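Data block below; observations after.
Quantities reported herein were computed from a predicted structural model and do not represent experimental measurements. So you know, we letter chains A, B, ... as the sequences are listed, proteins then strands, and number each from 1.
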2 protein chains.
Amino acid sequence: MDLHDLNLQAPPPGGAQRGGSGIPGGRRKQRVSMADVAKLAGVSSQTVSRVSNGHPGVFGGTREQVLAAMRTLGYRPNSAARALRYGQFNTIGVILFSLASTGNSRTVEAIATQAAAEGYGITLIPIDVPTQDNVLGAFTRMGELAVDAVIVIMEIHLLDSGRVTLPPGVHVVVVDSDAGDRYSVVDTDQAEGARLAVRHLLALGHQTVWHLTGPHSSFASQRRAEAWRRTLREAGRPVPPVLHGDWSADSGYAAGLALAEEPGCTAVFAANDQMALGLLRAFHEHGRAVPEDISVVGFDDIPDSSCFIPPLTTVHQDFAEVGRRCVQGVLRQIREGGEARPGTDLVPTRLVTRASTAPPGR
Amino acid sequence: MDLHDLNLQAPPPGGAQRGGSGIPGGRRKQRVSMADVAKLAGVSSQTVSRVSNGHPGVFGGTREQVLAAMRTLGYRPNSAARALRYGQFNTIGVILFSLASTGNSRTVEAIATQAAAEGYGITLIPIDVPTQDNVLGAFTRMGELAVDAVIVIMEIHLLDSGRVTLPPGVHVVVVDSDAGDRYSVVDTDQAEGARLAVRHLLALGHQTVWHLTGPHSSFASQRRAEAWRRTLREAGRPVPPVLHGDWSADSGYAAGLALAEEPGCTAVFAANDQMALGLLRAFHEHGRAVPEDISVVGFDDIPDSSCFIPPLTTVHQDFAEVGRRCVQGVLRQIREGGEARPGTDLVPTRLVTRASTAPPGR
DNA sequence: CGGCGCGATGTTCACGTGAACAATGCCTGG
DNA sequence: CCAGGCATTGTTCACGTGAACATCGCGCCG
């Protein structure tokens, strides 16, 4: 196969420029249509359509002729016409704030891969700055875009807090939200992950565990903090004050500088691996050995975390599975034609134990 | 604004189910069309079209009436019909191997943002495993997808090496390739970046610089290695054997284990920050102090690199600018209607000096 | 005072596809 | 030998939009 066959915009090789038809000086007709193929193959356009869609009931010889004509002209079905005919686009819209975070980009990748396997494309609708206006703009644009359903990767309460709610009839799946009572939500089991991290540290013998959260606006961050607190309470341990970060390594570093001065702190649970990296640096620079003096656990299990110094104990998130379930969720909605079924679908996590945790030194 | 207005798939609030028309038991008509709005507003559908597109020559009162009807019914223009009418989709396809690498995901994000600003959406076409078959499949799918142009983020020679070439008439911009003689290529100035890194190390007094490359299939990796070699030669320095990695931190760690045994090695240039992280870990575990015993320079300037131990000196890539120029390039092609103008558009780099480099200890 | 021009609105049609129905021709059973 | 049936192919039309052209009515100018 030669990609020249693709012929996205190029005129057909033979230069078959439909001369006679309407359009005087305007836009030239660029694409090859079924009618062109039909004319060359000496059949009706309906027969071309049948061949194109693999329908039965076309004589073998005729089929060959049509296929040959298609190849000669470089015919590609026009998906706009198809979408118009069928009333759907085979496309899923994905709305998100940023691809910069590991979690988002890996989820999106999994969504794209899974969607492709199901014959769907995905259209990305990024919101660079999460202002109310930008969110609204994105949703408006989404309404105009050719999508059959939408996956929202963000804190839905950012929407609810404003004058915005998702339309009830739209096929939507949401990630990173607690709106399971109203929407179909797929997410990593944040609480379980946090529990695993805290219990691991307590089991090692630490009296308590400090916590470095992500931004307050993140639902995932809230969930992790909440589960951390509850797990400590359930174990009857004191709950140290929460440190606040913004997911970035630098914010982790800043928090680490403060934490390095806390003599009683022997264990920290960071809400993601980047911030854990910042903690490691801060502790290193302040002569607090990890894990001898202080243990650190992260969240996400980004590939780099195995090469942190020391290699990081962290909670593994299965982003691929999250993406897969998102796509399955919206496709179910599309195919069953029903409303979005509220409910939360939690993907389990697991703890990856490496070298950044150990029993307390003293 | 209430997102209920969006009405992607939901029937109009009033339940205006077009009863009489064709379609007996088949698919129900779900969306609101111009005709529905026209009927409610008591005008012709053409007038609705004019209002919808902001054309002049509609009486103020009529316009208000139409807008009111649109709002009542929750009208959204059907983009499939528009695309069919106009012959274009306002969508750019992006083909890539993986979103997992920092560079790719940030480039894609920039592309999406810039495209959105220009009124275009982007459709992601991922290729999970870069086999010839998968690549071909992606291009075929792309041919069927509703895109006006394509941005390819990968090593184009992977295509050329097979029986695949990009169609000459298609609007294409390529990233990570040297095919500037045939395609319109946008890329970071890899050679300049590598030169900056090597010269920085030589200027510090190192006799020579070792190099850890990325995968052989990556053009960026080849370019960096090539520039590294040439810069050393130009300075009359010996060229040490090349170490091979695969962009991952773990591969950097493996290379670092080997390198730690090289007594003469005082400076390493890693082809990306992840591998540099692996080097740092290996050197740390083998008691080779960075930067006292050995200096390390990375490439990319990922946000985390400022919190490596020690903070990494690295070459900053402006991914956002690359994305921006990709979109501009592709839009220029679409708007001018011409062929892809071959040529290479290089985005400059800059060296970010942190704590992982110093004059050689001895 | 009548015709002309122009602004506002309506009508028609094509974009490319594919479902529904119609037509054609060949084969088989009575 | 003819009718009926089936396999194959053709014809018509609608999907929703918007350009091109047609029409209508009003005001202005000669």
Side-chain angles (χ1 to χ4, degrees), chain A residues 7 12 18 20-39 41-66 69-70 73 75-90 144 146, chain B residues 7 12 18 20-39 41-66 70 73 75-90 143-144 146:
Chain A
N7 200 281
R18 294 228 301 208
S21 77
I23 319 172
R27 212 174 44 257
R28 300 167 308 145
K29 164 120 179 38
Q30 304 232 45
R31 290 204 45 148
V32 185
S33 77
M34 288 203 322
D36 301 321
V37 176
K39 198 159 62 178
V43 298
S44 77
S45 63
Q46 183 53 35
T47 300
V48 178
S49 168
R50 280 189 265 256
V51 172
S52 177
N53 291 23
H55 282 222
V58 178
F59 181 65
T62 312
R63 159 167 280 122
E64 285 313 313
Q65 245 173 317
V66 171
M70 282 182 173
L73 296 177
Y75 169 75
R76 290 286 137 185
N78 180 321
S79 38
R82 275 198 170 156
L84 178 59
R85 193 69 182 71
Y86 286 124
Q88 60 168 356
F89 305 93
N90 274 24
E144 290 159 2
Chain B
N7 199 281
R18 292 226 304 209
S21 79
I23 317 174
R27 210 174 43 258
R28 299 167 309 145
K29 165 122 179 31
Q30 303 231 48
R31 290 203 45 149
V32 184
S33 77
M34 288 204 320
D36 301 319
V37 176
K39 198 159 60 177
V43 299
S44 77
S45 62
Q46 184 52 35
T47 299
V48 177
S49 168
R50 281 190 265 258
V51 172
S52 177
N53 292 27
H55 282 223
V58 178
F59 181 65
T62 312
R63 161 168 278 123
E64 284 314 312
Q65 247 174 314
V66 171
M70 283 182 173
L73 296 176
Y75 169 75
R76 291 284 138 185
N78 180 321
S79 38
R82 276 199 169 156
L84 177 58
R85 193 67 183 72
Y86 286 124
Q88 60 168 0
F89 306 91
N90 275 25
E144 291 161 2

For the pair made of [atom1] in [X] and [atom2] in [N], what is the distance, rounded to whole Å?
| X | N | atom1 | atom2 | result |
| --- | --- | --- | --- | --- |
| Glu64(B) | dA8(C) | CD | P | 15 Å |
| Asp36(A) | dC15(C) | CG | C1' | 13 Å |
| Gln88(B) | dC15(C) | CD | P | 17 Å |
| Phe89(B) | dC15(C) | CZ | P | 15 Å |
| Arg85(A) | dC13(D) | CZ | C1' | 9 Å |
| Met34(A) | dT11(D) | CE | C1' | 13 Å |
| Leu84(B) | dA19(D) | CG | P | 13 Å |
| Leu73(B) | dG16(D) | CG | P | 14 Å |

Item to complete: Begin with the C-alpha distance, continue with both residues' side-chain angles, and end with the deciding distance and a verdict on side chain to side chain contact (heavy atoms under 4.5 Å, CB included) for Met70(B) and Val48(B).
Response: CA-CA 9 Å; Met70(B) 283 182 173; Val48(B) 177; 3.9 Å; yes

Discussion item. So, does Arg82(A) get its side chain near the phosphate of dG18(C), meaning an N or O under 4.0 Å from OP1 or OP2?
Written reply: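 So the side chain of Arg82(A) is within the cut-off, an N or O lying under 4.0 Å from OP1 or OP2 of dG18(C).
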
Worksheet entry | Contact under 4.0 Å: Tyr86(B) side-chain N or O vs dA19(D) OP1/OP2 |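 For dA19(D), OP1/OP2 do have a side-chain N/O of Tyr86(B) under 4.0 Å.
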
Worksheet item: Heavy-atom contacts under 4.0 Å between residues 44-63 of chain B and DNA chain D, which residues?
Response: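 Gln46(B), Ser49(B), Asn53(B), His55(B) - these, ordered by number, are the residues of the stretch whose heavy atoms sit under 4.0 Å from the strand.
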
Worksheet entry | All side chain to side chain donor-acceptor pair (under 3.5 Å) counterparts of Ser49(A), not counting sequence neighbours |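 By the side chain to side chain donor-acceptor pair (under 3.5 Å) rule, Ser49(A) matches no residue at all.
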
Discussion item. Quick check on DNA chain D: between Ala81(A) and Gly42(A), whose nearest nucleotide comes earlier from the 5' end?
Written reply: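 Here Gly42(A) is the residue nearer the 5' end.
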
Using every non-hydrogen atom in the two residues, find where [X] and [Y] come nearest and quote the distance to one decimal.
| X | Y | value |
| --- | --- | --- |
| Tyr75(B) | Val32(B) | CD1-O, 3.5 Å |
| Ala41(B) | Gln65(B) | O-NE2, 3.6 Å |
| Ala80(A) | Ala83(B) | CB-CB, 3.6 Å |

Discussion item. For the OG atom of Ser79(B) and the CG atom of Leu84(B), what is their distance to the nearest 0.5 Å?
Written reply: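 With rounding to 0.5 Å, OG (Ser79(B)) is 11.5 Å from CG (Leu84(B)).
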
Worksheet item: In terms of side-chain heavy atoms, does Arg82(A) have a donor or acceptor partner in Asn53(A) at a distance below 3.5 Å?
Response: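 The answer is yes; a qualifying pair exists.
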
